[in-house]
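First up is the structure itself, then whatever we jot down about it.
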Amino acid sequence: MSPAISLQSVRNMSDSSQSENEYQKGVKHLYENGIQKVPNKYIFPILDRPNTEKESHVNEANIKLPIIDFAELQGANRSQVLKDLTNACAQYGFFQVVNHGVPIDGITSMTDACKRFFELPFEERAKYMSADMKAPVRYGTSFSQNKDGVYCWRDFLKLVCHPVPDVLSNCPSSPEHLRKQTAAYSKETRNLFLMLMEAILESLGLWGAEMNITEENDILEEFEDGSQIIVTNCYPPCPEPELTLGMPPHSDYGFLTLLLQDEVKGLQIQFEEKWLTVEPIPNAFVVNIGDHLEIFSNGRYKSVLHRVLVNQEKTRVTVASLHSLPFERVIRPSPKLINKHNPTRYKDTDFATFLEYISSCEPKKKAFLESRKLS
Ligand code: OGA
Ligand code: NI
């Protein structure tokens with residue numbers, strides 16, 4: 001299986017087509033072949049590398065994200081938890097959810113199945129490689145292999161889970177149980193997303209048991225037909241982690257992302273101009289506000305930049321579930337949050353515009369969201 005080419009020398013022969021093919025196969029492949037140096041294609045410009053910030057100690061700093069106890073949110077303590085939720089969304093754009101009701105064995109089986117996918121022989125994974133950003137199933141390295149000038153140290157499997165006629169037939173049939181686990185997991189996370197959205201609408205004053213249910217009730221119904229994409233990310237050990245990133249700074253496009261991270265640290269969020277590492281809590285979901293919710297809330301809730309560091313020792317696998325309204329739906333600030341004192345701050349947008357945007361340029365920081373802001 002392993003090619004005769006010495007990967008150790010890839011960096012010195014980055015123009016040859018042979019090395020081109022090697023790094024196109026992704027970072028899991030490079031790692032399995034014992035690469036000792038990060039190939040040029042993966043080396044970030046000096047200013048974008050992880051350790052070149054003004055303060056060099058920042059990478060050791062951890063952040064304790066606000067914790068939302070989902071069981072309490074659904075119980076007698078709802079109004080207090082809603083306040084915490086409002087704060088978390090406005091100040092951090094991130095929180096962790098515990099007691100979320102998604103069965104722990106479902107979480108474990110899903111992460112295990114994803115790990116086993118990345119352990120398949122490259123040829124098996126490669127069957128799902130596609131240059132089409134809209135493909136219902138897409139395996140690859142970095143973000144967009146054909147477009148990215150610099151690659152990030154990440155392989156991924158992306159699956160459109162909702163609304164699709166049949167999740168199972170999109171999902172790779174190998175490893176065993178991946179289909180079954182993905183179907184169950186996507187359903188559980190969708191339910192959690194819907195309940196979190198209900199609470200978030202309530203926290204914005206747009207929904208509540210005692211309110212006249214009109215417009216915003218419709219939006220909850222629309223979320224039921226909304227889009228869900230599951231992306232599983234694999235960050236293998238990297239010989240020179242200070243030269244690259246698992247993911248460059250970015251914000252997520254949708255309403256909410258529900259992320260499962262294993263016990264290996266790597267996710268960092270921007271908080272008060274510093275990069276802080278999110279401390280993993282076993283079996284909790286890291287939830288973050290995406291661009292669509294920032295727009296919908298007319299800027300009250302923040303879609304925050306985050307990035308991923310890699311390390312020399314351990315493979316890190318994460319599973320992200322990205323949720324929004326239906327793909328064709330136009331996203332705009334909620335009319336109820338707009339008035340004379342709070343004029344609309346964003347242009348209308350939709351998923352197609354986003355895809356067009358990211359297909360036409362390298363995803364750079366918050367560029368898409370910035371492009372939607374009215375000055
Ligand atoms: C993402 C993301 C973080 C991680 O998938 O958008 O930010 O730690 N993932 O994998
Ligand atoms: Ni993200």
Side-chain angles (χ1 to χ4, degrees), residues 26-28 50 59 62-63 65 92-97 107 110-111 114-115 117-118 133 138-144 148 151-161 185-186 189 193 227-238 241 244-271 275-294 301-311 314-324 351 354-355 358 362-369:
V27 285
K28 188 80 202 317
N59 292 324
N62 290 343
I63 185 166
L65 290 178
Y92 296 82
F94 267 85
F95 52 92
Q96 304 226 40
V97 181
I107 288 183
M110 179 65 181
T111 346
C114 292
K115 285 185 176 156
F117 174 81
F118 292 109
M133 302 288 272
R138 191 159 79 89
Y139 169 73
T141 196
S142 194
F143 277 97
S144 170
D148 298 352
Y151 278 7
C152 54
W153 197 264
R154 163 221 191 204
D155 292 345
F156 67 91
L157 175 69
K158 180 176 146 186
L159 291 161
V160 179
C161 291
Y185 182 79
S186 62
T189 41
F193 162 73
S227 65
Q228 178 178 22
I229 298 177
I230 290 192
V231 186
T232 167
N233 302 300
C234 175
Y235 310 98
C238 173
T244 188
L245 284 168
M247 271 196 202
H250 68 281
S251 61
D252 296 349
Y253 78 91
F255 270 74
L256 294 181
T257 301
L258 277 52
L259 179 85
L260 269 185
Q261 51 174 350
D262 58 15
E263 72 293 346
V264 186
K265 286 188 213 170
L267 174 62
Q268 293 196 315
I269 74 166
Q270 201 166 58
F271 186 69
W275 287 108
L276 302 179
T277 302
V278 175
E279 192 74 53
I281 301 179
N283 301 315
F285 284 99
V286 176
V287 177
N288 66 292
I289 309 295
D291 297 349
H292 288 172
L293 182 48
E294 175 167 330
Y301 290 171
K302 300 280 178 264
S303 175
V304 165
L305 282 182
H306 50 288
R307 68 178 192 183
V308 176
L309 301 186
V310 287
N311 72 78
K314 284 188 175 166
T315 297
R316 179 167 179 268
V317 173
T318 65
V319 186
S321 184
L322 294 96
H323 302 259
S324 188
F351 191 67
F354 172 72
L355 278 184
I358 57 166
E362 254 181 86
K364 260 237 155 220
K365 303 201 168 176
K366 277 180 110 158
F368 179 70
L369 188 57

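Residue numbers count from 1 along this sequence. Note that ligands are numbered from 1 as they come in the structure, with each ligand's atoms numbered from 1 the same way. The model shown is predicted, which means the values in this text are computed figures rather than measured ones.
- Below 30°, between 30° and 60°, or above 60°: for F193 and H323 the angle between ring planes is below 30°, a parallel geometry.
- Near the Ni ion (ligand 2), less than 2.8 Å away, sit the protein N, O or S atoms H250 NE2, D252 OD1, H306 NE2.
- Within the 4.5 Å cutoff, side-chain heavy atoms of F285 are placed close to those of L260.
- Ring-centre distance between F271 and F94: not below the 6.0 Å cut-off.
- Side-chain polar atoms of T189 and Q228 form a donor-acceptor pair below 3.5 angstrom.
- Scored by the salt bridge (Lys or Arg N to Asp or Glu O under 4.0 Å) test, K28 finds E32 as partners (sequence neighbours excluded).
- Using modelled atom types, no side-chain atom of D148 and backbone atom of Y151 make a donor-acceptor pair closer than 3.5 Å.
- Closer than 4.0 angstrom to ligand 1 sit non-hydrogen atoms from N233, Y235, M247, H250, D252, L259, L267, H306, V308, R316, T318, A320.
- S324 is linked by a side-chain contact (heavy atoms from CB on, under 4.5 Å) to S227, Y253, F255, H292, I331, counting only residues two or more places apart in sequence or in another chain.
- Q96 contributes a side-chain N or O that, together with a main-chain N or O of E279, makes up a donor-acceptor pair within less than 3.5 Å.
- The backbone N or O of S142 lies less than 3.5 Å from a partner atom in the side chain of R154, making a donor-acceptor pair.
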